[in-house]
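The structure appears below as structure tokens.
Residue numbers run from 1 in the order of the sequence given.
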Amino acid sequence: MTSDTSPSLADALAAGTVVLDGGMSNQLESAGHDLSDELWSARLLAERPEAVTEAHLAYFRAGASVAITASYQATFEGFGKRGIGRAEAARLLARSVELARTAARRAADAGVRRPLWVAASVGPYGAMLADGSEYRGRYGLGVAELERFHRPRIETLAAAAPDVLALETVPDTDEAAALLRAVRGLGVPAWLSYTVDGPRTRAGQPLEEAFALAADAEEVIAVGVNCCAPGDVAPAVEIAARVTGKPVVVYPNSGEGWDAGARAWRGGATFGTERVTAWRAAGARLIGGCCRVGPESIGEIARALDAA
């Protein structure tokens, strides 16, 4: 757990490599929770908050130093579809940060002595639609409209005092520009992480262009990629480091593919810890996993980085 004497995450990244957690949804599903509705893991913020804390704790125990909150799919609009008003939705967003903090305290009580940080997840507009469009982007909305969508949630999460905002699984540069506008001046650092297809965003823009948006953003302490194939990480790390000069964050999927129509994962896993040291050599400083990457894999990542 962070304290007055703990380094900031930005300082920790300047000094070395930090291990991120893995997928929240797969950890909750492995514990027997049904995440088949549109709110996904965010539903458990209201119905089973203890399950969310336990999922975070599993990753801290495995070796992660950063927990990403269960707010990826938590939006005022998404909660509203379920009849949850704005006041209660704001409380649930704040709860996502509180649950991760609780897990950090429990980890410290259990003997984890390294600093632990909480990253408040800000998923893309497409996550609220729950139709797989975060893997396409180009929603038909402009930057100003996307900023209006994101700003209330970002401000609510920032008020809950996370260590960092995780602007994650961003599919295109319009949404990145909107998110960067929304975090400006909040006083909370952020990382910006795209979901990519080879050397381009999911919407097809070159990664040089995409990362350049964050190069001069003071709030952004790291840039990178997540929710992508492991094989797409290494080229993206090189581009992100070269274009921005910032630490790079990477947390790919297991390598399986998401079938949005069937709402199921297909294919086999290709994620392996042998890639991790190469990512670090290329500039990655914040390393973990996304969908289908569980505590066992995060533990392997932590051990591989310690041994290298």
Distance-only check: which donor-acceptor pairs under 3.5 Å involve side-chain atoms of residues 229-237, not counting sequence neighbours?
residue: Asp232; atom: OD1; partner: Gly198; partner atom: N; Å: 3.4
residue: Asp232; atom: OD2; partner: Gly198; partner atom: N; Å: 3.2

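Expressed to the nearest 0.5 Å, how far CG of Leu165 lies from OG of Ser121 amounts to 10.0 Å. Leu213 CG to Glu208 CD: the interatomic distance, rounded to the nearest 0.5 Å, is 12.5 Å. Here OG1 of Thr17 is found 11.5 Å from CD1 of Ile301. Values are rounded to the nearest 0.5 Å. To the nearest 0.5 Å, atoms CD1 (Ile287) and CG (Leu305) are separated by 5.0 Å. Ser96 OG to Leu157 CG: the interatomic distance, rounded to the nearest 0.5 Å, is 5.5 Å. Atoms CG and CD, on Leu92 and Glu98 in that order, are 10.0 Å from each other to the nearest 0.5 Å.
Atom CD of Glu296 is surrounded by 12 or fewer heavy atoms from other residues, nucleotides or ligands within 6.0 Å. Within a 6.0 Å radius of CG in Asp109, more than 12 heavy atoms belonging to other residues, nucleotides or ligands are found.
Between Ile68 and Met24 the shortest side-chain heavy-atom distance does not fall below 4.5 Å. At least one side-chain heavy atom of Glu54 sits under 4.5 Å from a side-chain heavy atom of Arg106. Between Pro206 and Pro199 the shortest side-chain heavy-atom distance does not fall below 4.5 Å. No side-chain heavy atom of Pro252 sits less than 4.5 Å from a side-chain heavy atom of Cys290. Contact check for Glu168 versus Val122: no side-chain heavy atoms found under the 4.5 Å cut-off. Side-chain contact between Leu180 and Leu192 is present, with at least one heavy-atom pair separated by less than 4.5 Å. Using a 4.5 Å cut-off on side-chain heavy atoms (C-beta onward), Val52 and Pro49 make no contact. Under the 4.5 Å side-chain criterion, counting only non-hydrogen atoms from C-beta, Pro189 is not in contact with Glu219.
Nearest heavy-atom pair, Cys227 versus Thr195, reported as atom, atom and distance to 0.1 Å: O-OG1, 2.8 Å. Ser8 and Trp117 make their closest contact through C-NE1, 3.8 Å (heavy atoms, listed as atom of the first residue, atom of the second, distance). Nearest heavy atoms, Ala107 versus Phe60: CB-CB, 3.9 Å. Of all non-hydrogen atoms in Ala190 and Val164, the two that sit nearest each other are CA-CG2, 3.7 Å. Residues Ala182 and Ile154 approach most closely at CB-CD1, 3.7 Å, considering heavy atoms. Pairing each heavy atom of Thr69 with each of Ala100, the nearest pair is CG2-CB, 4.2 Å.
With respect to Asp172 and Arg202, no salt bridge is recorded, no charged nitrogen being found less than 4.0 Å from a carboxylate O. Using a cutoff of 4.0 Å between basic side-chain nitrogens and carboxylate oxygens, Arg95 and Glu50 are not scored as salt-bridged. Using a 4.0 Å cut-off between charged nitrogen and carboxylate oxygen, Glu238 and Arg242 count as a salt-bridge pair. With respect to the salt-bridge test (charged N to carboxylate O, under 4.0 angstrom), the residues Glu88 and Arg91 qualify.
In terms of hydrophobic clustering, with Ile, Leu, Val, Met, Phe, Trp and Tyr side chains grouped at heavy-atom distances under 4.5 Å, Leu167 and Val143 are assigned to different clusters. Grouping the Ile, Leu, Val, Met, Phe, Trp and Tyr side chains by contacts below 4.5 angstrom, directly or via other members, places Leu141 with Phe149. When hydrophobic clusters are built by joining Ile, Leu, Val, Met, Phe, Trp and Tyr residues whose side-chain heavy atoms come closer than 4.5 Å, directly or via intermediates, Leu186 is grouped together with Val97. Hydrophobic cluster membership differs between Ile298 and Leu57, with clusters built from Ile, Leu, Val, Met, Phe, Trp and Tyr side chains linked at under 4.5 angstrom.
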Check your understanding: Do Glu155 and Arg151 pass the salt bridge (Lys or Arg N to Asp or Glu O under 4.0 Å) test, and can you show the C-alpha distance, the side-chain angles, and the key distance before you say yes or no?
Key -> CA-CA 6 Å; Glu155 290 177 344; Arg151 182 176 289 278; 3.5 Å; yes

Practice item. Using the side chain to side chain contact (heavy atoms under 4.5 Å, CB included) rule, take Val188 and Val183 through it: C-alpha gap first, then chi angles, then the decisive distance, then the call. Key: CA-CA 8 Å; Val188 179; Val183 300; over 6 Å; no

Practice item. Test side-chain hydrogen bond (donor to acceptor under 3.5 Å, both in side chains) on Tyr72 and Glu134 and set out the steps. Key: CA-CA 12 Å; Tyr72 173 82; Glu134 67 261 48; 3.2 Å; yes

Exercise for review: For the pair Arg280 and Arg285, evaluate side chain to side chain contact (heavy atoms under 4.5 Å, CB included) and give the outcome as yes or no after the intermediate values.
Suggested key: CA-CA 6 Å; Arg280 178 165 67 178; Arg285 293 294 176 266; 3.6 Å; yes

Point to revise | Worked verdict on Val223 versus Trp191 for side chain to side chain contact (heavy atoms under 4.5 Å, CB included) | key: CA-CA 6 Å; Val223 297; Trp191 78 62; over 6 Å; no

Practice item. Walk me through it: do Asn253 and Val293 pass the test side chain to side chain contact (heavy atoms under 4.5 Å, CB included)? Key: CA-CA 6 Å; Asn253 296 335; Val293 178; 5.7 Å; no

Practice item. May I have the step-by-step check of side-chain hydrogen bond (donor to acceptor under 3.5 Å, both in side chains) for Gln205 and Thr173, ending in yes or no? Key: CA-CA 7 Å; Gln205 300 110 342; Thr173 53; 3.1 Å; yes

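The backbone N or O of Ala74 sits nowhere less than 3.5 Å from a side-chain atom of Ser71 that would complete a donor-acceptor pair. Judged by distance alone, the side chain of Asp163 and the main-chain N or O of Val118 form a donor-acceptor pair under 3.5 Å. Within the 3.5 Å criterion, the main-chain N or O of Arg136 finds no donor-acceptor partner in the side chain of Ser133. Counting only distance, with no hydrogens or angles, the side chain of Lys246 and the backbone of Ala241 share no donor-acceptor pair below 3.5 Å.
Tyr59 pairs with exactly one of Val19, Asp21, Leu20 by the side chain to side chain contact (heavy atoms under 4.5 Å, CB included) rule, that one being Asp21. Between Glu147 and the choices Arg153, Arg184, Arg181, the salt bridge (Lys or Arg N to Asp or Glu O under 4.0 Å) rule is met once, by Arg181.
A donor-acceptor contact under 3.5 angstrom links the side chains of Thr102 and Arg105, judged on distance only. A side-chain N or O of Glu175 and one of Tyr139 form a donor-acceptor pair less than 3.5 Å apart.
Evaluation of the ring-ring contact (aromatic ring centres under 6.0 Å, His included) rule for Phe76 yields no partner, not counting sequence neighbours. Remark: Tyr194 pairs with Phe211 by the ring-ring contact (aromatic ring centres under 6.0 Å, His included) rule, at least two apart or across chains.
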